[in-house]
Amino acid sequence: MSMNNIFNYQLRDLEQYFLNIGQKKFKASQVYDWLYKKRVFNFEKMTNLKKELIEQLQKDFNINQIQIVKKQSDKTANKYLFKLEDGQFIEAVVMFHDYGTSICISSQVGCNMGCKFCESGRLKKIRNLETYEMVEQILLIEEDIKRRIFSVVIMGIGEPFDNYDNVMNFVKIINHDKALAIGARHISISTCGIVPKIKEFMNEPLQINLAVSLHAPTDEIRNQIMNINKAYNISTLIETLKEYIAKTNRRVTIEYVMLDKVNTSVECANKLADLLHGMNVYVNLIPYNQTNNLGYKKCSATDLQKFYDTLKKRHLTVTTRKEFGSKIDAACGQLRSKEVEQ
Ligand code: SAH
């Protein structure tokens, strides 16, 4: 990672930078205060820094390199298209809930996981996002909506655990009191199930939520819809989640997208309940957002209800994800780069 964008820096890294150039480390807190509290993205306007230091910072760092190029809104959500410095595009969505505003950010340009029902994966991964490109999605959206974000989900384009280091760096920055101070419990990472990274994640000293896209109760079904299952099958994944729960004492969210005639039968619900029996999890049923390009269909409200009721009867905690932004193609699995529209 090239470190020279200022939004790549955790406070302790910036302190180290100042020490390296023979300055006091509290300068890092001053710069952080300008960036994250006063939202001044121009070194020249950091009036408590000396002129020579400002010149040095201008030489050593970049600020602000991604841009909002399009915004679409409906009552509950805004979707933003961002252009990156190298001409690539990504999307992020902000959602307005009763309890506050949340944002769903992208972690990669394209995605290599190849889930058959997901629009984002139609564009293969071009590259990982750098930390600053994730931080700036939040800063630019907050500036646009003129309010602060309450929670962040890393569930936009990309597989966050395929960009582990930059995502962790990002999370540590937005969580830091002197930066965005977004509480760890208000940050969620969603993974399709990259087992070695879940193992690494359980050792992080952070109280961030983990969500796992399970989407099927058997390998037979999961193999059909998610390539990752061929690398880490369901029993390996579930064993790892049990280890995660034991180690962190945190509840895991199990995401389950309802694909008509694929994984929505009552039999599937019962198998899912068997699989998750006794685990500290909560199941989030996701109504499928249909797209024109993939062959999958949304299931009926009756099927969804039956599935839900079956899990409830089996004593699982279960919710159905509220649909946000589907009118503006901003819902789960609909984000993609406009540049690949065909
Ligand atoms: N790569 C990560 C995060 C991105 S996707 C992951 O796989 O978890 C966020 C969630 O939306 C995942 O659970 C994904 O499977 C789901 N999803 C993808 N396409 C969808 C669609 N068209 N409708 C509803 N959910 C979808």
Side-chain angles (χ1 to χ4, degrees), residues 77 79 90-93 95 102-125 128-129 134 137 152-164 166-167 170-171 187-195 197-198 201 208-216 221-222 224-229 231-232 234 237 240-241 252-260 262-264 272 281-299 304 307 319-337:
K79 178 169 76 165
I90 49 154
E91 294 183 314
V93 180
M95 289 160 280
S102 72
I103 175 172
C104 173
I105 69 140
S106 293
S107 57
Q108 296 180 317
V109 180
C111 180
N112 273 350
M113 298 302 118
C115 300
K116 299 287 195 300
F117 49 83
C118 178
E119 191 66 22
S120 304
R122 287 178 65 220
L123 175 66
K124 286 284 154 264
K125 175 171 117 180
N128 286 329
L129 293 191
M134 294 182 263
Q137 290 174 59
V152 174
V153 299
I154 309 171
M155 291 190 191
I157 302 166
E159 166 50 48
F161 280 177
D162 186 35
N163 183 15
Y164 189 85
N166 293 349
V167 166
F170 160 73
V171 159
I187 301 173
S188 302
I189 299 185
S190 177
T191 177
C192 64
I194 301 183
V195 163
K197 293 298 167 187
I198 299 175
F201 184 65
I208 296 170
N209 303 311
L210 177 67
V212 176
S213 298
L214 184 63
H215 301 333
I221 302 175
R222 202 164 187 261
Q224 283 168 30
I225 57 176
M226 296 178 75
N227 286 344
I228 192 74
N229 203 62
Y232 310 107
I234 293 186
L237 179 58
T240 308
L241 294 179
V252 170
T253 302
I254 299 291
E255 297 168 281
Y256 195 99
V257 65
M258 300 293 287
L259 302 169
D260 192 39
V262 176
N263 62 356
T264 56
L272 183 64
V281 292
Y282 114 86
V283 180
N284 194 206
L285 300 179
I286 312 177
Y288 184 56
N289 300 300
Q290 231 167 277
T291 71
N292 294 331
N293 309 301
L294 307 162
Y296 293 92
K297 295 221 156 26
K298 194 184 176 87
C299 74
L304 180 67
F307 200 93
T319 55
T320 301
R321 185 173 292 176
K322 191 163 175 245
E323 291 173 85
F324 274 94
S326 49
K327 292 197 187 62
I328 52 173
D329 285 348
C332 307
Q334 294 185 319
L335 299 184
R336 60 199 296 246
S337 151

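All heavy atoms count here, side chains included; hydrogens, waters and symmetry mates do not. Because the structure is predicted, anything quoted here is derived from the model rather than measured. Order of appearance sets the numbers: ligands from 1, and atoms from 1 within every ligand.
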ask   = To the nearest 0.5 Å, how far apart are CE in M113 and CG in N227?
value =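 If we round to the nearest 0.5 Å, M113:CE and N227:CG are 9.0 Å apart.
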
remark   = In this structure, CD of Q108 is separated from CG of N163 (nearest 0.5 Å) by 5.5 Å

Heavy-atom nearest neighbour of atom 4 (C) of ligand 1 within options G156, C115, S107, C192 = G156

message = I want to know if ligand 1 touches H215 in the polar sense, i.e. an N/O pair below 3.5 angstrom.
response = yes

inquiry  = N289 versus ligand 1: do any nitrogen or oxygen atoms come within less than 3.5 Å of each other?
reply    =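 Yes, since at least one N or O of N289 sits under 3.5 Å from an N or O of ligand 1.
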
request  = Among I157, L129, V167, I154, find the one that has a side chain to side chain contact (heavy atoms under 4.5 Å, CB included) with I105.
outcome  =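 Output: one option passes, namely I154.
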
Under 4.0 Å from ligand 1, counting heavy atoms only, is it the side chain of [X], its backbone, both or neither?
X: V212; answer: neither
X: F117; answer: both
X: A211; answer: neither
X: M113; answer: neither
X: E159; answer: both

Against heavy atoms of [X], which atoms of ligand 1 measure under 4.0 Å?
X: G158; answer: 1 (N), 2 (C), 3 (C), 4 (C)
X: P287; answer: 24 (C)
X: V257; answer: 24 (C), 25 (N)
X: C118; answer: 18 (C), 19 (N)

request  = May I ask you to say whether R321 pairs ionically with E255, meaning some side-chain N is under 4.0 Å from a carboxylate O?
outcome  =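 A salt bridge links R321 with E255.
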
query = Touching ligand 1 at all, I286? Heavy atoms, strictly under 4.0 Å?
reply = yes

inquiry  = As a quick check of understanding, evaluate side chain to side chain contact (heavy atoms under 4.5 Å, CB included) for D260 and Y288, giving each step before the final call.
reply    = CA-CA 8 Å; D260 192 39; Y288 184 56; over 6 Å; no

request  = Return yes if a side-chain donor-acceptor contact under 3.5 Å exists between E159 and S107, otherwise no.
outcome  =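 Judged by distance alone, the side chains do not pair up.
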
message = Run M134 and V171 through side chain to side chain contact (heavy atoms under 4.5 Å, CB included) and show every step you take.
response = CA-CA 9 Å; M134 294 182 263; V171 159; over 6 Å; no

task = List the steps, then state whether side chain to side chain contact (heavy atoms under 4.5 Å, CB included) holds for L237 with I198.
result = CA-CA 9 Å; L237 179 58; I198 299 175; 3.7 Å; yes

message = Between V257 and Y296, does the side chain to side chain contact (heavy atoms under 4.5 Å, CB included) criterion hold? Intermediate values first, please.
response = CA-CA 11 Å; V257 65; Y296 293 92; over 6 Å; no

